[in-house]
Every structure is written in C-alpha cells, then in structure tokens.
Novice: 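I'd like to ask you about the structure that follows.
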Amino acid sequence: MFDSHDELLTRIHNDLMDGYDEELEMEIEDRHVDALGGELDPEALLQQKESRRTYFRELFRLQAELVKLQDWVQATGHKVVIVFEGRDAAGKGGVIKRITQRLNPRVCRVVALPAPSDRERTQWYFQRYVPHLPAAGEIVLFDRSWYNRAGVEKVMGFCTDEQYEAFFRDVPEFEKMIARSGVQLIKYWFSVSDAEQELRFLGRIHDPLKQWKLSPMDLESRRRWELYTKAKEVMLERTHIPESPWWVVPADDKKKARLNCIHHLLSQMPYHEIERPGIELPERMRHEDYRRHQVPGEIYVPEIY
C-alpha cells in the first residue's frame, strides 16, 4: 500500500498534524491567520504553511457565509435536512464540525442516532428518524441516517433480504414525502480510497486521543471493503432521485473535502444576508443598597494554571 515504512510514518505524522489543526481551528480567529505556521522551517515547509493559511482563510470565509445562511433560514422559515454518509474515517464528522462550529445549536443541530433498541427494531423502519426532522427555521444534519440499512446493515447481516428490498421500495417515497412537506433534503456521500482509509485507521491506532473512534464495527468494515463498495454502488443507483439526488464528495484530502462540501451546500439555497437591527448595550442598573455577598473561598475551582 505504501512504498516504504518511512513513507507510512510520514503520512501518519501528517494525519496527526491535521488533527491538531482541528483543535487549533476552535481557538483561532480570522485576524490571526497570518500568524499560522509557528517555528516551521520556511525553506522546507513553506508550501505546507501557505496551504494551511489558504485553508483557514477559506474556512473562515465559508463559515461567515454559513452564518448568513442560518439567518436566512430563520427569517424565511426554510427547513433543511442534510444527510452525511460515507465509509468509516471518510471525514463526515470533520465537515459536520466545521459547519456547526459557529452556528446556533438551536437552529442547526446534529442527529447521530445509536443502534436501534429492541423496541425500535419492531417499528416502521423510518419511524425513529421522523421526530428529528426540522420545523420551520431549522437545519438538521444527520451523521449517518436511514441509509444504514443500505450499507452497514446489509453488509454486516443486520437485516434480511426482504427488509433490504423493502427499504429500496420505500425510501424514494419517504423522501418524496419529506420534499412535499416543504423540507429540502440534501444527501452527501464522502468517498475515500482504500489506501487513505488504511492510513486514517492507522493514525487512530497511534493517536491515544482518537482511539475511541475505532470500534469493532470499524475494523470489520476494513476487512469487508469490497462488500461495502458493492453496497454503496447499489445504494447510489437505486436512491438517486430528482427530489433528493446524491452528491459525492472526494475526501482523500480532508481539508479540501470540507471546503468543497461547505461551498456546495451554500450553493443549494438562494440565501442572502438578512439585515440585523443595530444593537446597543444598555446601561447596567445600579442601586445604592445593593451589596454583593461574599462567595466562600472553598467552593472556587483551584487556579492551577
């Protein structure tokens, strides 16, 4: 898969650095973007440094547009569902984090359902997803969705052939009903190569902060790569309908995939900036008889740092 052990270690190192960049994004502000790069050797890593600068500039610009989109959705009462599917370690969680990072969680929320309970297994298959659909002025992001039946349930033998075929018979009608109710449904499949998935799994194995992301199901999906490929191809062919077409995001480069997906998402709605009324901070009311009570020192969190 890789030409040498050194190349593999270099790729794992670069993948770990991407993970550290993810944490940096949570703290950095746009005005600090020119300070990125730290003490990196400018001769050896100039291209990498400039690439990171470009990435952050574009990310912040697109996130500013997402805030405008959020305001427009609220103002117009638009309803949006965005489905994120793809192989394990394809980067779905990364783009979801970038979309929601600066948005109001009361407007834009993520739904990541666990495995169905014994009771839910006896329900109509789509029943547990319906309560999470949006009301007016809401955006819902499904981190995996009802398409579990077409992927993991089929490959791992968690559903019968009859249930599998019933899903393909029902899902176009289900999604047409969603569309008729006024909900815009956008579906993304994140595509990652065999070699890149192997690299990301190895990175998770070597990073103690990410080992929790590796479940036995993830490891088994690695072994059954070809079966997942066949299941994906059938799913795309049988559920790509005009009311809710699939959009494939090439995701071997995680940062490009994030930018491309967000850019495409923004293009799917005719949003525009909503004028906000001016905000003035009111004067704090003060009363001469007000006295602040002393807080007992023992209940303060110790100042270790």
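Source: prediction; values computed, not measured.
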Novice: Taking Lys230 first and then Glu226, would you say they form a salt bridge - that is, a charged N and a carboxylate O separated by under 4.0 Å?
Specialist: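 No, this pair does not count.
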
Novice: Regarding Glu165 and Arg238, does a basic nitrogen lie under 4.0 Å from an acidic carboxylate oxygen?
Specialist: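 Salt bridge flag = yes for Arg238 with Glu165.
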
Novice: Arg200 versus Val192: any side-chain heavy-atom pair under 4.5 Å?
Specialist: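 Arg200 reaches Val192 side chain to side chain.
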
Novice: Give a yes or no on whether a salt bridge exists between Asp161 and Lys154, defined as a side-chain N under 4.0 angstrom from a carboxylate O.
Specialist: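 Between Lys154 and Asp161 there is a salt bridge, with a charged N closer than 4.0 Å to a carboxylate O.
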
Novice: Nearest 0.5 angstrom please: Leu266 CG to Glu65 CD, how far?
Specialist: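 These two atoms lie 6.5 Å from each other.
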
Novice: Considering only heavy atoms from C-beta outward, does the side chain of Tyr55 approach that of Lys256 to under 4.5 Å?
Specialist: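 Side chain of Tyr55 against side chain of Lys256, heavy atoms only: no contact under 4.5 Å found.
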
Novice: Parallel, tilted or perpendicular, judged at 30° and 60°: which one describes the rings of Phe84 and Phe190?
Specialist: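 The rings of Phe84 and Phe190 sit tilted, inter-plane angle from 30° to 60°.
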
Novice: In the hydrophobic cluster built from side-chain contacts under 4.5 Å, what are the other members alongside Phe158?
Specialist: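 Hydrophobic cluster check, Phe158: joined to Val152, Val155, Met156, Met217, Leu227, Tyr228.
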
Novice: Just wondering, are more than 12 heavy atoms of other shown residues or ligands nearer than 6.0 Å to CH2 in Trp124?
Specialist: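 Enclosed.
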
Novice: What is the distance from atom CG of Leu259 to atom NZ of Lys254, rounded to the nearest 0.5 Å?
Specialist: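 That separation rounds to 13.5 Å.
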
Novice: Under the side chain to side chain contact (heavy atoms under 4.5 Å, CB included) rule, what do Trp247 and Lys187 come out as? Steps first, then yes or no, please.
Specialist: CA-CA 6 Å; Trp247 299 98; Lys187 302 185 301 195; 5.9 Å; no

Novice: Look at Arg61 together with Glu58 and state whether they make a salt bridge at an N to O cut-off of under 4.0 Å.
Specialist: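 Salt bridge flag = yes for Glu58 with Arg61.
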
Novice: Could you state whether Phe168 and Val83 fall into the same hydrophobic cluster, counting links through intermediate Ile, Leu, Val, Met, Phe, Trp or Tyr residues with side-chain heavy atoms under 4.5 angstrom apart?
Specialist: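 Phe168 and Val83: one cluster.
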
Novice: Using the side chain to side chain contact (heavy atoms under 4.5 Å, CB included) rule, take Arg53 and Lys49 through it: C-alpha gap first, then chi angles, then the decisive distance, then the call.
Specialist: CA-CA 6 Å; Arg53 286 179 172 175; Lys49 180 179 177 180; 3.2 Å; yes

Novice: Counting only heavy atoms from other residues, nucleotides and ligands, does the tally under 6.0 Å from NE2 of His263 exceed 12?
Specialist: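 Count not over threshold, so no.
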
Novice: Taking atom types as modelled and ignoring hydrogens, do the side chains of Glu175 and Trp146 form a donor-acceptor contact shorter than 3.5 angstrom?
Specialist: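 There is such a pair between these side chains.
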
Novice: Verify the ring-centre separation between Tyr147 and Trp246: is it less than 6.0 angstrom?
Specialist: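 Yes, the ring centres sit under 6.0 Å apart.
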
Novice: Strictly below 4.0 Å, N to O, side chains only: are Glu138 and Arg109 in salt-bridge contact?
Specialist: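 Arg109 and Glu138: salt-bridged.
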
Novice: Do Lys176 and Arg180 come close enough that some side-chain heavy atom pair is under 4.5 Å?
Specialist: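 Heavy-atom side-chain distance check passes, below 4.5 Å.
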
Novice: With the threshold set at 4.0 Å, does a side-chain nitrogen-carboxylate oxygen contact exist between Asp88 and Lys213?
Specialist: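 Judged by the 4.0 Å cut-off on N to carboxylate O distance, Asp88 and Lys213 do not form a salt bridge.
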
Novice: Assess the residue pair Tyr164 and Val234 against the criterion (side chain to side chain contact (heavy atoms under 4.5 Å, CB included)); give the C-alpha distance rounded to whole Å, side-chain angles, the decisive distance to 0.1 Å, and a yes or no.
Specialist: CA-CA 11 Å; Tyr164 180 66; Val234 171; 3.6 Å; yes

Novice: Between Ile262 and Val95, is any pair of side-chain heavy atoms under 4.5 Å apart?
Specialist: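 The answer is yes, as the side chains (C-beta and beyond) meet within the 4.5 Å cut-off.
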
Novice: Look up atom OG1 in Thr54 and atom CD in Glu50, then write down how far apart they are to the nearest 0.5 Å.
Specialist: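 One gets 4.5 Å once the value is rounded to the nearest 0.5 Å.
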
Novice: Which heavy atom in Cys108 sits nearest to a heavy atom in Thr100, and how many Å separate them?
Specialist: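 It is SG-CG2, 3.9 Å.
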
Novice: Compute the ring centroids of His78 and Tyr271, then answer whether they are less than 6.0 Å apart.
Specialist: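 Here the rings of Tyr271 and His78 have centres that are no less than 6.0 Å from each other.
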
Novice: Where do Val80 and Val140 land on the side chain to side chain contact (heavy atoms under 4.5 Å, CB included) test, with the steps shown first?
Specialist: CA-CA 6 Å; Val80 188; Val140 175; over 6 Å; no

Novice: Can you get from Leu265 to Trp72 by hopping between Ile, Leu, Val, Met, Phe, Trp and Tyr side chains that sit under 4.5 Å apart?
Specialist: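 Linked within one cluster.
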
Novice: Are Asp118 and Arg121 within salt-bridge range, i.e. N to O under 4.0 Å?
Specialist: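 So Asp118 pairs with Arg121 through a salt bridge.
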
Novice: Roughly how far apart are Arg224 CZ and Arg222 CZ, rounded to 0.5 Å?
Specialist: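 CZ of Arg222 is found 14.5 Å from CZ of Arg224.
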
Novice: Check this for me: Gln211, atom CD, are more than 12 non-hydrogen atoms of other residues, nucleotides or ligands nearer than 6.0 Å?
Specialist: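 Counting neighbours around CD of Gln211, more than 12 heavy atoms of other residues, nucleotides or ligands fall under 6.0 Å, so yes.
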
Novice: Any non-hydrogen side-chain atom of Ile186 less than 4.5 Å from a side-chain atom of Val81?
Specialist: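 No, every pair of side-chain atoms sits at 4.5 Å or beyond.
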
Novice: Assign the ring pair Phe167 / Tyr125 to parallel, tilted or perpendicular, where the plane angle (0 to 90°) is split at 30° and 60°.
Specialist: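 Answer is perpendicular, since the angle exceeds 60°.
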
Novice: What's the spacing between Thr239 OG1 and Trp189 CH2 if we round to 0.5 Å?
Specialist: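 With rounding to 0.5 Å, OG1 (Thr239) is 10.0 Å from CH2 (Trp189).
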
Novice: Could you walk me through whether Asp218 and Ser221 pass the side-chain hydrogen bond (donor to acceptor under 3.5 Å, both in side chains) check?
Specialist: CA-CA 5 Å; Asp218 296 332; Ser221 74; 5.1 Å; no

Novice: Between Asp253 and Arg258, does the salt bridge (Lys or Arg N to Asp or Glu O under 4.0 Å) criterion hold? Intermediate values first, please.
Specialist: CA-CA 9 Å; Asp253 186 318; Arg258 294 167 192 162; over 6 Å; no

Novice: Should Pro134 and Val183 count as side-chain neighbours, where that means a heavy-atom distance under 4.5 Å?
Specialist: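 The answer is yes; the side chains approach within 4.5 Å.
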
Novice: Sequence neighbours left out, what passes side-chain contact (heavy atoms from CB on, under 4.5 Å) with Leu219? Give chain and number order.
Specialist: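 side-chain contact (heavy atoms from CB on, under 4.5 Å) list for Leu219, sorted by chain: Leu214.
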
Novice: Any chance you could measure Arg149, atom CZ, to Asp170, atom CG, to the nearest 0.5 Å?
Specialist: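 That separation rounds to 10.0 Å.
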
Novice: Tell me yes or no: between the side chains of Arg87 and Gln197, is some donor less than 3.5 Å from an acceptor?
Specialist: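 Arg87 vs Gln197: no donor-acceptor pair found between side chains.
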
Novice: Indicate yes or no: at least one non-hydrogen side-chain atom of His264 is less than 4.5 angstrom from one of Cys261.
Specialist: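 No - every pair of side-chain heavy atoms lies 4.5 Å or more apart.
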
Novice: Find out whether Arg102 and Leu66 are in side-chain contact, i.e. whether some heavy atom of one side chain is under 4.5 Å from a heavy atom of the other.
Specialist: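 In short, these two side chains do not touch, never coming nearer than 4.5 Å.
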
Novice: Any link between Ile99 and Phe142 through a network of hydrophobic side chains (Ile, Leu, Val, Met, Phe, Trp, Tyr) touching at under 4.5 Å?
Specialist: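 No, it is not one cluster - the side chains of Ile99 and Phe142 are not joined through contacts under 4.5 Å.
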
